[in-house]
Number of protein chains: 2
Amino acid sequence: MEITIGELSKRTGVLATTVRYYEDVGLMPAPPRTAGGRRSYGTAHVARLAFIRHARQLGFEVDAIRELLALNARPDLPCAEVDVIARRHLADVDGRIERLKALRSELSRMVDECGHGRVGECRVIEVLSDHGECLGHDH
Amino acid sequence: MEITIGELSKRTGVLATTVRYYEDVGLMPAPPRTAGGRRSYGTAHVARLAFIRHARQLGFEVDAIRELLALNARPDLPCAEVDVIARRHLADVDGRIERLKALRSELSRMVDECGHGRVGECRVIEVLSDHGECLGHDH
DNA sequence: CTTGCTCCTCCAGCCACTAGAGGAATTAAG
DNA sequence: CTTAATTCCTCTAGTGGCTGGAGGAGCAAG
């Protein structure tokens, strides 16, 4: 099975330019080339790229994916490291959700209090102008 | 009241380099300079920068802040536009929270199913390898 | 043979900063 | 007054994770 970068792109949903970028940063190996100099991929490449895409969709950073790919290649090792990476990322996501929720509540309070009058009396503008207006001063 | 960029930075919590960046991108006006060529700020600058910082902390993009600043300068206008910008941003934040929550649930399911054995049988790796494993296929 | 598509490399840009080099000006201490 | 420390200046480049475009070559179909 010999596949062009376009076919690979179609099968994985990753843009061809992004595939080349992954090659540049070492996430994807440099594949063999055809006589005309075009990249030629096989099933292993499809699997690896699908892995990368899925990990990216789950928000893993490229560095973390590099580690996960390295671990994936060593099925004999204990998976404690995999667990560490995934839990670290989960904690990170939790933190982001918390921060966004705090932000959301302040935003929605701000919007709710807008009296739809003139800019001069607008609560949104007031809140932005005066940090003392915040309920929580943690930011 | 004549203040150096360092003082301004201290009072607002915005790095001096960032203040200069804001000047470059037009969020902050170019201030008058001292004889020696240093930037000299006044109370209006402090207020404007505080506004910017607060808006950034609330996650508003620089373009949105530019609009908000322009509206802030026209207190006579109706604040409908302010409302639109704030609500648009709120909707954006809501979307981000939803996406992060979906992601979080998949991540935590993945981590929970890890049997702490070898990488070869690790659920985390399996899930990443096979998109079909996902409960929701929406990503 | 030509048309149109895909692919190639290289370079620039996105966002919102942040960091560093190399030099000038100001301030504090001696 | 001199020196040393600190702050400030401009300019450039880097961050992450791509994305888009220029300009050119390969390739398949009619």
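Not measured: the values here are computed from a predicted model. Each chain gets a letter, A, B and so on, in the order its sequence line appears, and its residues count up from 1.
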Less than 4.0 angstrom from a charged side-chain N to a carboxylate O is my criterion; do B:D63 and B:R66 meet it?
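Result for this pair is yes, salt bridge flagged.
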
A:R96/A:D92 ion pair, N-O < 4.0 Å:
yes

Sorted by number, residues from residues 30-46 of chain B placing a heavy atom under 4.0 Å from DNA chain D are B:R33, B:G37, B:R38, B:R39

Please report the C-alpha distance between A:H116 and B:D83 in whole Å, then the side-chain angles of each, then the deciding distance to 0.1 Å, and finally whether the side chain to side chain contact (heavy atoms under 4.5 Å, CB included) criterion is met.
CA-CA 8 Å; A:H116 310 290; B:D83 206 51; 3.5 Å; yes

Can you confirm whether [X] is buried at [atom1], in the sense that more than 12 heavy atoms of other residues, nucleotides or ligands lie under 6.0 Å from that atom?
{"X": "A:E67", "atom1": "CD", "value": "yes"}
{"X": "A:E23", "atom1": "CD", "value": "yes"}
{"X": "B:R20", "atom1": "CZ", "value": "yes"}

Taking B:H89 for the side chain and B:L58 for the main chain, is one N or O donor matched with an acceptor at less than 3.5 Å?
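Yes, the answer is positive, given that a donor and an acceptor are paired below the 3.5 Å cut-off.
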
Backbone N or O of B:V119 within a donor-acceptor pair of the A:R74 side chain at under 3.5 Å?
no

Through what angle, rounded to 10 degrees, does the axis of the helix from C:dC1-D:dG30 to C:dG30-D:dC1 turn between its ends, using five pairs per end?
10°

Boundaries of the chain B footprint along DNA chain C (any atom under 4.0 Å from a heavy atom):
C:dA16 to C:dT26

Name the nucleic acid region contacted by A:R56, choosing base, sugar-phosphate or nothing; use a 4.0 angstrom heavy-atom cut-off, strictly under.
sugar-phosphate

Mind checking if A:F60 touches a base, just sugar-phosphate, or nothing, with heavy atoms under 4.0 Å?
nothing

Run the numbers on A:R118 and B:D76 for salt bridge (Lys or Arg N to Asp or Glu O under 4.0 Å), then give the verdict.
CA-CA 6 Å; A:R118 312 261 145 214; B:D76 49 307; over 6 Å; no

Of the options D:dC8, D:dC18, D:dG20, whose atoms approach the side-chain atoms of A:T17 most closely?
D:dG20

Separation of atom CD in B:E2 from atom C1' in D:dC8, rounded to whole Å:
16 Å

